[in-house]
Number of protein chains: 2
Amino acid sequence: MMRRMPTDLHSTVAERLRRVGQRYTEQREALVAALERARKPLSTLEIVQARTGPQSSVYRNLAVLEHVGVVRRVVTEGEFARFELTEELTEHHHHLICSNCGKVEDVTIPTDLESTMDRTVDRLAKRSGFAKVRHRLDLIGTCRSCA
Amino acid sequence: MMRRMPTDLHSTVAERLRRVGQRYTEQREALVAALERARKPLSTLEIVQARTGPQSSVYRNLAVLEHVGVVRRVVTEGEFARFELTEELTEHHHHLICSNCGKVEDVTIPTDLESTMDRTVDRLAKRSGFAKVRHRLDLIGTCRSCA
DNA sequence: CTTCCTGCAAAAGTTTTGCATTAAC
DNA sequence: GTTAATGCAAAACTTTTGCAGGAAG
């Protein structure tokens, strides 16, 4: 269980891109930086508004970064796609989602619950013939301002 | 913890619609029946192809049924929205999702893990000022045919 | 006879693509 | 120089809406 220092992030991303013959340009760096700053999943609109380039480039760069395992697509409730840095580059975490306004917060849960989940997930996975199964736990409710 | 008999389903839906002055038409019944038969979340395309009416009516009916708590929007990975019957009308369950081909299966997990999760979720929810928090646990991996 | 539902077609909103240009290696 | 990234505009795709006609209560 390794935690990565923030300084490592950009060189890790650069390395991953280089490995598949792609470049870590300013736009892509801005995109990764925006996701890092946010500490929560961002919508494509929010990413574009973070001055990460024109819409079409943002979509293309998200696709590339998703492909090399740097960002992952997170879907909440309806509306448009959201993206975050993958857990290898941050930490394993979960989402607390307001079903009314769509607000998303990152949360972590106690390690003992995590291990119980992991064990159970492994067992279920074997039974169903699925491989490399990870879990995704989201908490969905009503936030204070929507209550 | 109540399990509802299949026979109840349509009258329950009818009742809920009636309560808000809406009708349980043939199209809506076909839609609910399609979701019941599927035993997994269906995409809007799949629902339309299940002869539940023209696209526009399907979307409208899904909105109505979502509004009265009969169906819920489930989002998996990218692509288009998927819908399923709400857990009040079926049973609490989780999804086993193939990250490669997008296939989704319903699964249930041991009750002791469920209760551990519920307790933890309640605690986290209180701490964050969220109310009425439920959990959503998905298992994401590679299915046998994509391995 | 009033309210709701349907169906078509058109509009709106999100994401992808073509292509010429620019930048990185 | 060769390959990849950018930026614009146009296209594609999912979802929503307007409106006239039909069905349900």
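Each chain gets a letter, A, B and so on, in the order its sequence line appears, and its residues count up from 1. Because the structure is predicted, anything quoted here is derived from the model rather than measured.
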Backbone N/O of A:Gly69 and side chain of A:Arg16: donor-acceptor pair under 3.5 Å: yes
Side-chain donor/acceptor of B:Glu84 to backbone N/O of B:Arg39, under 3.5 Å: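 No, the answer is negative, given that no donor and acceptor are paired below the 3.5 Å cut-off.
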Tell me whether the side-chain N or O atoms of [X] pair up with the base of [N] as donor and acceptor below 3.5 Å, since no angle test is needed here.
X: B:Arg23; N: C:dT3; answer: yes
X: B:Arg18; N: D:dG25; answer: no
X: A:Ser56; N: D:dC8; answer: yes

Give a yes/no on whether any side-chain N or O of [X] is located under 4.0 angstrom from OP1 or OP2 of [N].
X: A:Gln27; N: D:dT6; answer: yes
X: A:Gln55; N: C:dT14; answer: no
X: A:Thr25; N: C:dA24; answer: no
X: B:Gln22; N: C:dC5; answer: yes

Parallel, tilted or perpendicular, as decided by the 30° and 60° cut-offs, for the rings of A:His94 and A:His135: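 Parallel, since the angle between the ring planes stays under 30°.
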Check: A:Leu35 and A:Ile47 side chains under 4.5 Å, non-hydrogen atoms: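 A side-chain contact exists here, since the closest heavy-atom pair is under 4.5 Å.
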Position toward the 5' end of DNA chain C (nearest nucleotide), B:Glu26 or A:Ser57: B:Glu26
Sugar-phosphate, base or nothing in reach of B:Arg60, heavy atoms under 4.0 Å: base
